[in-house]
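Working notes for the structure below.
Nothing here was measured: the structure is a model prediction, and the numbers come from that model. A, B, ... follow the sequence lines: proteins, then strands. Residue 1 opens every chain.
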Amino acid sequence: MSTTIPYKPGKEPHAREHRLIFRNVDRADYDPSIDCYIRNGGYVQLKKALGMERQAIIDEVKKSGLRGRGGAGFPTGVKWGFIPPTNTKPVYLICNADESEPGTFKDRYIMHQDPHQLVEGMIISCFAVKAQLAYIYIREEFPEAAIILEKALAEARAKGYLGKNVGGTAYDLEIYVHRGAGAYICGEETGLIESLEGKRPYPRIKPPYFPAALGLYMSPTIVNNVESLCHVKHILEMGSEAYAKLGTPNNTGTRILCVSGDVQKPGYFEVQVGHVTMGEVINDLCGGLKPGRKLKAIIPGGSSAKVLRADEKFKLKDGRELGIMDIPMDFDTMAACGTMAGSGGVIIMDDSRSMSWVINNLNQFYAHESCGQCTPCREGSLWMKKISDRIVAGTASPSDVDELLRVANNIEGKTICAFGEACSWPTQSFVKKFRDEMIGDTKPELESKIVNPETVLAAANLV
Amino acid sequence: MQIPTELETKMDEVITHYPVSKRSAVLPLLHLIQHHFRFISDEAVNWVAAKLGLEPIQVLEVVTFYPGFRQTAPGKFHIRVCRTLSCAMAGGYELMESLCKAGNIDRSHVDHHHPIAISTDGKYSIEFAECLASCGFGPVCMVEDDFHESVKPESAAELLQKYL
Ligand SMILES: Cc1cc2nc3c(=O)[nH]c(=O)nc-3n(C[C@H](O)[C@H](O)[C@H](O)COP(=O)(O)O)c2cc1C
Ligand code: SF4
Ligand code: FES
C-alpha cells in the first residue's frame, strides 16, 4: 500500500516501517484540509462507528490490545472501561497533546500534517465513552499546530461531524483546543486536568483521583495521547483481529519511534511493535553510529526511562539472553530489561559523551519542571541538579556520587505523581551503570573530613 | 491598560468553550493578553480576574507558575532555544551563545526567576526552553511563533537577519 503513495524526496519511509498513523506524513500529495482527508477515505470509520453499539466499539479497542502511546502503555480499552457503570455525571475526553517528554517528537507531525486523523479518532472515542465535551490540551510551544487543529475542528463542524447531531445522529459533541503554557507537568494527566480547570497544574493523588472516575470538574474523564486516539480509527478500519496481528502478542499494532542523538540519520519511524530490535533501529533505520564512534548508552523510551549501557546483558525469565542490540522494541521486553518503552523516544549516546554531563542535563530539566507540591521531589530534584553540577564542574568529591544516588532513592515512591519516578530513574540508573566514570570526574582531595563533634567541642573546652 | 473591543470579543468567544467553569478560561485569556501586550501586567491580572469572577490571586498564581507567561516585556522578537539533552548534544548551548553574540544579548544576569535576557537595543530577547519536541533535528529554537530546526550555531546571525 505504501508503495503507491508518493512521499517528499528524502522523506520516504524506510523499508522496515509499517505506516498506519504516519501514512500521510511527508506525503508529496497531501495537505491538512478536510477535503484531502475525505478524498483519502477519511471519516468513513466515524460513520461506521455511529452505527455501532458503544460497547461494541469499546470491545473492539479492548480486543485490539492497544496500549497507550503516551508513556505508561496502559491498555486503552481497559481504561475506557473504568468509567463507573452507574455514572450519571457528564463524561469528558481529553487528548493529551502536551508532547513534552524529552526525546519524543511524533504527535507534532500528526497534528501538523494529518489533523483530521486525530479529530476522527477523537470523535469515535468520544462517541464510544459517551463524552459530549472534549478538549485537545496542546503545549504552548506548538502555536502552529493549535491553529491547524482549530481549523480542522471548524471544518469538521461545517461538515456536521461536530456540534449538534453528529453525522445526522442524535449525538452532540463539541471539541475545543486548549493551550498550555510551557510546563512539562501538564503532560501528567491529573496535572493536565488541573491546568484545564484554570489552576496551577498540581497533580492529584491517585487514589481517589483516577481521571476515569474523578477527573475534569470531578467527572469521569478519559485522557489519551494523540497517537493512541489515532489508533482507534485504524482499529475500526482493520477490525480488532487484524490489528492485533500487527506487532507481537500483548504488544500489538504499530508505534512511532523517535530517534535522536548520536546516529547518522535521526528521525521518526513507524514500525510494528516488537518487530525491530534496538540494533536494527540504530543500524538499519538510522544508518548506524557516526564514523569511528562506539555505542556507549541508550535511553530507550523518553528521558525518564532508565538508561541502558552498551555492554549490558539481560537474562529474561523466559530463558532469552539478550545484549542491548537484541532487545525488541516492545513494551514487555523493555520492562523485562529494567527500563521502559515509554513514549517511544530513543536517545543514542556514543563514546564521545560524558555520562556526568548527560545526567546533569537531565537533572536540570527535572529540577526546572518539578511542580513543587511534594517535598522529596521539589527539594530532591534540585539537589540532584546541584550535586551533578558539582560533578561536571570538577568540584565534587567521590562520595557526592553516592549522595546523588541517595537523594534519588529518597524521591522514588514517595510522591503524589509519577514525576517522582520520572526524575529519580535517570539518576538511579546512570549512577548504577556509570559509577566509575562519574567517580572519575570527582576529586578525592575534596572529600570533607568526617569530624567527631566531641573532638571539636573538647578542643574548645566545651565538654 | 485598554483592552480593545476585538480582543474582548475574542475573549468572550473563548469563554464559551468552557460551559462548565469560566475559571478554565484563565489560560486562554492570559494567552490573548500576552499576545496583545507582549506581557502580563498586574493590571491585566486584575482585569482577567474581574472578567472571570475570580480573586486576583487565582490568576496571579497561574501567571507566576507557568514558564510560558511573562510579567515583563520581552524584546521585539522573543527567542527560545532548546536546552534539553538531544539538542544539547547537537549544539544547543553553542547556539544560545552565538545567538547572544549576534543579537548583542548579555545573559550573565539570568537566573531561575528571571530567565529572559534582552538585547541593549530591545530588539531581541532570549531564554532557554526545555525540550521542544523536535529532538531528532536539533539544535532547535523558536523566534516568536516560528519554529526553526537544525540551526547551526554558525548561522545564528543569518537567522536573526530574518527578524529586523
Ligand atoms: C511527568 C509526566 C509527564 C507526562 N507527559 C506526557 C505527555 O507529554 N504526553 C502524553 O501523552 N502523556 C504524558 N504522560 C502520561 C499521561 O499521564 C497519561 O498517562 C497519558 O496521557 C495517557 O494516555 P495513553 O493511555 O493514551 O498513553 C506523562 C506522565 C507523567 C508522569
Ligand atoms: S512528584 Fe513532583 S511533579 Fe509530581 S506532584 Fe509531587 S512535586 Fe509535583
Ligand atoms: S531536546 Fe530539544 S527538542 Fe527535544
Where [X] and [Y] come nearest, the two heavy atoms and their spacing:
| X | Y | value |
| --- | --- | --- |
| B:Y66 | A:K199 | OH-O, 2.7 Å |
| B:C135 | A:P102 | SG-C, 4.5 Å |
| B:S134 | A:Y109 | OG-OH, 4.0 Å |

With a 4.5 angstrom heavy-atom cut-off, which part of [X] approaches chain B: side chain, backbone, both or neither?
| X | value |
| --- | --- |
| A:E99 | both |
| A:I348 | backbone |
| A:P201 | both |
| A:Y184 | neither |
| A:I347 | side chain |
| A:R108 | side chain |
| A:V358 | both |
| A:E369 | side chain |
| A:V177 | backbone |
| A:S219 | neither |
| A:E141 | both |
| A:Y217 | side chain |
| A:C186 | side chain |
| A:P266 | both |

Non-hydrogen atoms of chain A under 4.5 Å away: do they reach the side chain of [X], the backbone, both or neither?
| X | value |
| --- | --- |
| B:F147 | side chain |
| B:S150 | neither |
| B:F65 | both |

Should we say atom [atom1] of [X] is surrounded by more than 12 heavy atoms from elsewhere, each under 6.0 Å from it?
| X | atom1 | answer |
| --- | --- | --- |
| B:E158 | CD | no |
| A:K8 | NZ | yes |
| B:K123 | NZ | yes |
| A:E144 | CD | no |
| B:E97 | CD | no |

Rounded to the nearest 0.5 Å, what's the gap from [atom1] on [X] to [atom2] on [Y]? Could you check?
| X | Y | atom1 | atom2 | result |
| --- | --- | --- | --- | --- |
| B:F137 | A:Y268 | CZ | OH | 5.5 Å |
| B:E61 | A:Y202 | CD | OH | 7.0 Å |
| B:S86 | A:M349 | OG | CE | 8.5 Å |
| A:R139 | B:L132 | CZ | CG | 5.5 Å |

Under a 4.5 Å cutoff for heavy-atom pairs, which residue among B:M89, B:M142, B:K22 has the most contacts with chain A?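 Highest number of pairs under 4.5 Å: B:M89.
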
Can you tell which of B:G68, B:G136, B:G138 has the highest number of heavy-atom pairs within less than 4.5 Å of chain A?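 Going by pairs under 4.5 Å, I would pick B:G136.
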
Sort out for me which of A:P90, A:G372, A:S195, A:S100 touches chain B most, counting heavy-atom pairs under 4.5 Å. A:S195

What residue in A:G261, A:G182, A:G345, A:S260 has the most heavy-atom pairs under 4.5 Å with chain B?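 Of the candidates given, the most pairs with chain B belong to A:S260.
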
Give the intermediate values and the outcome of side chain to side chain contact (heavy atoms under 4.5 Å, CB included) for residues A:N361 and B:R83. CA-CA 8 Å; A:N361 182 288; B:R83 189 211 62 81; 3.5 Å; yes

Write out, in numerical order, the residues from residues 23-55 of chain B with a heavy atom short of 4.5 Å from a heavy atom in chain A. B:R23, B:S24, B:V26, B:L27, B:P28, B:H31

Ring-plane angle category for B:H17 and A:Y176, please: parallel below 30°, perpendicular beyond 60°, tilted otherwise. parallel

Between A:H368 and B:H112, how do the two ring planes meet: parallel, tilted or perpendicular, split at 30° and 60°? perpendicular

Any heavy-atom pair between the side chains of A:L133 and B:P19 that's under 4.5 Å? yes

One pair to check against side chain to side chain contact (heavy atoms under 4.5 Å, CB included): B:L85 and A:I299. What are the steps and the verdict? CA-CA 11 Å; B:L85 184 57; A:I299 297 173; 4.0 Å; yes

